[in-house]
Amino acid sequence: MRRISLVPKLLIAALALGLTACATQPARNPIATFVKSPNVDDRKAQLIVVHYTEQGSVDESLQTLSDAKAAHPVSAHYLLGKDGHIYQLVPDGLRAWQAGAGRWGTMTELNSASIGIEIDNNGSEPFTEPQVQALLTLLGDLTTRLHIPKGNVIGHQDLAPTRKIDPGPLFPWKRLADAGYGQWPQGELVDPPAGFDGWMAMRVVGYDIRDRAAALRAFRMHYRARDDGKDLAPEFQPEDLKILYALTRPGS
Ligand SMILES: [Zn+2]
């Protein structure tokens, strides 16, 4: 504190102005002649990724998500407390460090492509009703304001099945789907026709199937509310195939 008081106030003001300018003005490339076009807008996320914090309290997670000195610094755009309070840690237009390495469909740079929502949950407890309500409110806001398609809501486990198991089998995907968010099989589940390729369907849904056991585990956590663990044999059960067919059949 004492050291800061010795720095001339003007310098502090200039630094503050500089920082503000950096945050709001895109850099102009010095090797090019800048001819300003008005026909621009912000780069926008295309996907929303849901996580659980796997921590004991919202205060602990606020600390973790804003710790620049951590061995592996992480962040998220939003954090939902158990009481439904919505915290924002990163502006929507910036890239939070939340998804990490992964793949969803053709997307491979997920931190750039997504908005990350952490939910205060230790990984083995139900999500609270206020959290679900807050999440639905936030999804409504984000999909409307940022024009993210309502179906583009996935879990961290879905994009990084070999590394992540959040938000896990207790996450209420069906409730989200009933409100119009994410993907969910519609109509009565029926057996797929002969020749139906379940792994191709997994890819169409978005999963990276290079590790088939991991992808199938993530799929079952999402669509069947079950976690069969990492030693799962990568073989479909009839229920898996019915869901995959419902998700990918023409008109779904
Ligand atoms: Zn996560």
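Within a 6.0 Å sphere centred on NZ of Lys230, other residues, nucleotides and ligands contribute 12 heavy atoms or fewer. The number of heavy-atom neighbours closer than 6.0 Å to CZ of Arg163, taken from other residues, nucleotides and ligands shown, is above 12.
Residues Gly155 and Val49 share a closest heavy-atom pair of C-CG1, 4.1 Å. What you find for Gln157 and Ile165 is that their closest heavy atoms are OE1-O, 3.3 Å. Here the shortest heavy-atom pairing between Val153 and Trp173 reads O-CZ3, 3.8 Å. When every heavy atom of Ala99 is checked against every heavy atom of Asn111, the shortest pair comes out as N-OD1, 2.7 Å. Between Pro73 and Ala68, the shortest heavy-atom contact is CG-O, 4.0 Å. Of all non-hydrogen atoms in Ile119 and Gln131, the two that sit nearest each other are CG2-NE2, 3.3 Å.
Between the CZ atom of Arg226 and the CG atom of Leu170 there is a distance of 14.0 Å, given to the nearest 0.5 Å. Distance check: Tyr78 OH to Ile48 CD1 gives 9.0 Å after rounding to the nearest 0.5 Å. Rounding to the nearest 0.5 Å places CG of Asp191 at 5.0 Å from NZ of Lys242. One distance of note links OG1 of Thr248 with CE of Met200; it measures 10.5 Å at 0.5 Å rounding. Distance check, rounded to the nearest 0.5 Å: CG of Leu244 to CG of Asp197 gives 10.0 Å.
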Which pairs of donor and acceptor atoms, one on a side chain in residues 179-189, lie under 3.5 Å apart (sequence neighbours left out)?
residue: Tyr181; atom: OH; partner: Gly140; partner atom: N; Å: 3.3
residue: Gln183; atom: NE2; partner: Gly151; partner atom: O; Å: 3.3
residue: Gln186; atom: NE2; partner: Trp184; partner atom: O; Å: 3.1

Could you give the side-chain donor-acceptor pairs of residues 31-39 under 3.5 Å, partners two or more places apart or in another chain?
residue: Ser37; atom: OG; partner: Asn39; partner atom: N; Å: 3.2

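Checked against side-chain contact (heavy atoms from CB on, under 4.5 Å), Gln46 has the following partners two or more places apart in sequence or in another chain: Met107, Ala113. Partners of Ser66 according to the side-chain contact (heavy atoms from CB on, under 4.5 Å) rule, which considers only residues two or more places apart in sequence or in another chain, are Leu89. The side-chain contact (heavy atoms from CB on, under 4.5 Å) search around Val74 returns Thr64, Leu65, not counting sequence neighbours.
With contacts defined as side-chain heavy-atom distances shorter than 4.5 Å, the pair Ile148/Leu47 does not qualify. Between Met221 and Pro169, some side-chain heavy-atom pair lies under the 4.5 Å cut-off. By the 4.5 Å heavy-atom criterion applied to side chains, Gln55 and Asn122 are not counted as neighbours. The closest side-chain heavy-atom distance from Ile117 to Leu142 is below 4.5 Å. Looking at heavy atoms from C-beta onward, Ser114 lies in side-chain contact with Gln98 at the 4.5 angstrom threshold. Side-chain contact between Glu109 and Arg95: present, with at least one pair of heavy atoms (C-beta onward) separated by less than 4.5 Å.
Under a hydrophobic clustering in which Ile, Leu, Val, Met, Phe, Trp and Tyr are joined whenever their side-chain heavy atoms come within less than 4.5 Å, directly or via other members, Val58 and Leu138 fall into different clusters. Transitive grouping of hydrophobic side chains (ILVMFWY, heavy atoms separated by less than 4.5 Å) keeps Tyr52 and Leu62 in distinct clusters. Val204 is not connected to Val190 by any chain of hydrophobic side-chain contacts under 4.5 Å among Ile, Leu, Val, Met, Phe, Trp and Tyr, and they are in different clusters. When the side chains of ILVMFWY residues are joined at heavy-atom separations under 4.5 Å, either directly or via intervening members, Leu135 and Leu79 end up in two distinct hydrophobic clusters. Two different hydrophobic clusters hold Leu139 and Tyr87 under the rule that ILVMFWY side chains link at heavy-atom gaps under 4.5 Å.
Within the structure, salt bridge (charged side-chain N to carboxylate O under 4.0 Å, His left out) pairs that include any residue of residues 74-88 comprise Lys82-Asp120, Lys82-Glu125 (at least two apart or interchain). For residues 138-153, the set of pairs meeting the salt bridge (charged side-chain N to carboxylate O under 4.0 Å, His left out) definition, not counting sequence neighbours, comprises Asp92-Arg145, Asp141-Arg145. Note on residues 51-80: no pairs pass salt bridge (charged side-chain N to carboxylate O under 4.0 Å, His left out), not counting sequence neighbours. The list of ring-ring contact (aromatic ring centres under 6.0 Å, His included) pairs with a residue in residues 122-170, not counting sequence neighbours, reads His51-His156, Phe127-Phe171. Pairs passing the ring-ring contact (aromatic ring centres under 6.0 Å, His included) check and including a residue from residues 233-252, sequence neighbours excluded, read Phe196-Tyr245, Trp199-Phe236. For residues 205-225, the side-chain hydrogen bond (donor to acceptor under 3.5 Å, both in side chains) pairs, not counting sequence neighbours, are Asp158-Tyr207, Asp158-His222, Asp208-Arg210, Arg217-Asp227, Arg220-Asp228, Arg220-Asp240, Arg224-Gln237, Arg224-Asp240. Applying the salt bridge (charged side-chain N to carboxylate O under 4.0 Å, His left out) test to residues at least two apart or on different chains, the pairs with a partner in residues 129-140 are Glu129-Arg175.
Side-chain atoms of His77 never come within 3.5 Å of backbone atoms of Val90 as a donor-acceptor pair (strictly under, hydrogens ignored). The closest donor-acceptor contact from the side chain of Thr108 to the backbone of Arg103 lies at 3.5 Å or more, if one exists at all.
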Before you tell me yes or no, could you show the steps for Leu176 and Leu136 under side-chain contact (heavy atoms from CB on, under 4.5 Å), namely the whole-Å CA-CA distance, both residues' side-chain angles and the distance that decides it to 0.1 Å? CA-CA 7 Å; Leu176 261 62; Leu136 293 174; 4.2 Å; yes

